[in-house]
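Structure first, commentary second.
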2 protein chains.
Amino acid sequence: MFESAEIGHKVSKAQYKEQVPVLRESLLEAQATLFAQKKLPVVVLISGEDGAGKRETISVLYEWMDPRYLSTLAFEEPTDEERERPAMWRYWRALPPKGRIGIFSGSWYSDPIRMRISGELSEMELDARAAQINRFETMLVNEGALVLKFWIHLTKEAQRARFEALESDPHTAWRVTPWHWQRLKTYDALHEVSSHLLRMTNTAAAPWVIVEGVDDRFRSLKVGQVLQAALAAKLAEKRHPTFPGAPMVRADTDGRNVLSAMDLSRKLPDKDYKAELGLLQGRLSELARDSRLAKRSVVVAFEGADAAGKGGAIRRVTAALDARQFQVIPVAAPTEEERAQPYLWRFWRHLPRKNHFAIFDRTWYGRVLVERVEGYCTPADWQRAYSEINDFEHELIESGTIVLKFWLQISQEEQLRRFKEREKIAFKRFKITEEDWRNREKWDAYQQALCDMVERTSTGDVPWTLVESNDKNFARVKILRTICERLEAALHESDKSFKAPKPPKSEQGKKSGKKKRGDKASGK
Amino acid sequence: MFESAEIGHKVSKAQYKEQVPVLRESLLEAQATLFAQKKLPVVVLISGEDGAGKRETISVLYEWMDPRYLSTLAFEEPTDEERERPAMWRYWRALPPKGRIGIFSGSWYSDPIRMRISGELSEMELDARAAQINRFETMLVNEGALVLKFWIHLTKEAQRARFEALESDPHTAWRVTPWHWQRLKTYDALHEVSSHLLRMTNTAAAPWVIVEGVDDRFRSLKVGQVLQAALAAKLAEKRHPTFPGAPMVRADTDGRNVLSAMDLSRKLPDKDYKAELGLLQGRLSELARDSRLAKRSVVVAFEGADAAGKGGAIRRVTAALDARQFQVIPVAAPTEEERAQPYLWRFWRHLPRKNHFAIFDRTWYGRVLVERVEGYCTPADWQRAYSEINDFEHELIESGTIVLKFWLQISQEEQLRRFKEREKIAFKRFKITEEDWRNREKWDAYQQALCDMVERTSTGDVPWTLVESNDKNFARVKILRTICERLEAALHESDKSFKAPKPPKSEQGKKSGKKKRGDKASGK
């Protein structure tokens, strides 16, 4: 892995003096184009052994480029707001928007490396982390980002020499601490872990660039040249190429699917509804105050056709909760700041803290529903979204979040009836728009997209609950009961096995019992 | 204050049943209009004695309105990210955007009340807080917000009765804790402090609405009615009225002002520049690592005419800092999310944590410079901005932030020379736009605005440093030297007297010695 960075690369003072002005000019030019076009973000990771010159490299980039469109993201101890969310949350919130360059000093690689060295992660667990990282970076690249990962390399001898040099200069002596000498002792372990992890994460989408750290001029020039060339190439790309995916086809052989198999005639009489609703709301209200929830958070996702009753169902859920404990997040068109980020960013930003509920009225599934059907994104975009969404939900689960998702299904006739009714009632009129009428025309395409969605994203940990919603009473009670049951099961499990914040891969075996609940996806 | 809420208000079940559907309809209608227009945010404070029904009131509002456009902001212990910023930061970041209603359960009143009861604040200090709150709320209202402050009131006897009732019902017994009975003991103190603070903050812009809390139906209906009526009235307003301000006039009697008095011929030869620059950068670099800075943060604001050299100056400052310790914030047109918030929100969001620098390239002074001169806001808007900005900077200072602001002044001739030069150099070409040429035509209007700005916002704690910038060497060295001197003085002061995070009003006396540094505003 590191061989090419142990051969004594060097750049003479004369060469440096000659090449830097040219490089600087093209870097500034590229940066100006990047900012003017605002088409893609640039993520630059500066990693490597301590003393290899990471800090100096970042300084040189600031010197050469326009610091107004650069930001450096340093990650040390997570803040309490970060600790209460999935591990990747802090990186998501630090992602640069389109048009800008974000330099990551410390990154999603730091924790896995540190934890593997200390023995907190097994080799298998490290590999699982590597796979997760690969999917994350591939997602960034698919979303248009340029991801550049630099590893600045020093041999053990060079590291020792570097520390000694820093220590002997009174201006830099402060930078060498006992912690640094300790690093030298763990050099071999770091070398082994990092070379393994680098190899595992050396993907076509985001390959590593290994840079020898010994010679300052070589290191600076090399990083600058790679950044400039990659940026220029990326800016010249017409459109990031679509990846070769399997064509998505369905054969509707017997006319049955998970949706058509639902019994939409299910009803709950008003009297039973009132009684059950009260009981379930009381039960939910107690669960929400359960002390075991202090270490968990809850995400409830609602999807459904227009007029399926999402709003009414959400209101019945929130009525059981303390308003200080939940947020309802209505998902509409993304804002300008959201459009400058990867698709899932606008959902990441709303993730709840521990002991809090986030209730999404429409969700990240918009990508594989409305955006797919209406053609708002390319087929490649929505086809890769299934696994991106599964990754997202998996990270939620891993961090101790309880995730529920509901699809509210109504028949076309019932939808028409509700549209007409809404037009009559004054205070419901604002709910119905031109678009609602237009969407009806695409009913079949939506049913197709829905079947794909359920098949590909109803997982053991996060099953879809399909809700027969022609009768509002029935739907609301089913939703509340499902929430209560899932919360009870999750809190019960908390007692036994849940170890926030990092249930490693081995946890998956234990959780497999939960797969039985996957049958909810069949709309029982 | 509370007399009108101790007379046994009551609403019968029949009245309630009759009035609620009507109220609900108009609330939903108003909410829909609010969301469709997206012209103003609604800030609703629900305060009052414990057990008075604050929580129940919020629940009722959720029941009656569309929960998707409501959010409840609860403030308990500040997080560490909040503790490292000015006290108001957590409220700024929770402000609802235009079109939405934010319900504050706990607010900027909670701390002052608590601290006055515990004796941490003197009565005079409480009054200072009240004045600060009044300015904050007036700013919100001037920015278009509807601010509704409810105080739900219970007499001591009613509070005792309420706790007893809650405790005797097994479903609500959990809500009464020893903490609550303790509240009863401090009732009188709370009553005294809150009635004083309420009186002090009962302004025309944001008056208090006192609501008797005993009868649930009365309380709910009253809050709903006031909210509905205020919302309807506000939505019907054509434009929030301009306040009657003193006309801003200047008489240019002897042709001299702080800008024309600057000696723009000041120069620093290259040789001296190189030597001084190195020394100052070294000094700054050491200051940035000073352990006393761990409790402080630094905000550096750069303003200047186009081509005055802000970018170059910033680069000389950042070169002395560790990239992980600072962010450069280039201020351009506000984003969509920023436009949906009060003017200063987009600066609040970038405030640095402790031990970090935020360097603003253009600043909150845009309001009184470009927005004033170009007519992007009304005269009323920029005229009130001076005191809003002073409040903002005062809050920064109070929280231990070191604030520096620089105006880079160049002559018209020098600007023209630089524009022409930029057009020639390839990698600087992107820096010059049509707008730059157009701005030159308004030179005089800008000089006028600048003089007003310096007069009104160069305060003892945060003086303007006017920088003679025709010679870049001179300007850069003056800026670096000023930063070093101010940091040294502030850190020295840290040793003696600075007590983060709440230096009360009494601190101001001690700080007056600093006013001597105000002479920097005269561009020495």
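What you see is a predicted model, and the numbers here were worked out from it, not measured in a lab.
- Electrostatic pairing of A/D306 and A/R362 counts as a salt bridge here, judged by a charged N lying under 4.0 Å from a carboxylate O.
- Proximity to chain B is absent for every atom of A/A319, based on heavy atoms less than 4.5 angstrom apart.
- Ranked by heavy-atom pairs under 4.5 Å with chain A, the first of B/A323, B/A340, B/S105 is B/A323.
- Of the listed residues A/T72, A/T33, A/L61, the one with more heavy-atom pairs under 4.5 angstrom with chain B than any other is A/T72.
- Considering only heavy-atom pairs separated by less than 4.5 Å from chain B, the leading option among A/R353, A/Q325, A/E63, A/E337 is A/E337.
- Of the residues considered (A/D80, A/L70, A/V328), A/D80 shows the highest number of contacts with chain B, using heavy-atom pairs under 4.5 Å.
- Per-residue heavy-atom pair counts under 4.5 Å with chain A were compared for B/I359, B/T335, B/I329, and the maximum is reached by B/T335.
- With a 4.5 Å cut-off on non-hydrogen atoms, A/R100 touches chain B through its side chain but not through its backbone.
- Side-chain atoms of A/E338 do not come within 3.5 Å of backbone N or O of A/R346 as any donor-acceptor pair.
- In this structure, CE on B/M65 lies 5.5 Å from CD on B/Q31, to the nearest 0.5 angstrom.
- Of the atoms belonging to A/R289, it is side-chain heavy atoms, and not backbone ones, that fall under 4.5 Å from chain B.
- In this structure, a donor-acceptor pair under 3.5 Å is present between the side chains of B/E303 and B/T363.
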Exercise. Could you walk me through whether A/F326 and B/Y62 pass ring pair (Phe, Tyr, Trp, His ring centres under 6.0 Å), step by step?
Key: CA-CA 12 Å; A/F326 70 84; B/Y62 269 85; 5.1 Å; yes
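- The main-chain N or O of A/P352 is never found under 3.5 Å from a side-chain atom of A/Q327 such that the two would form a donor-acceptor pair.
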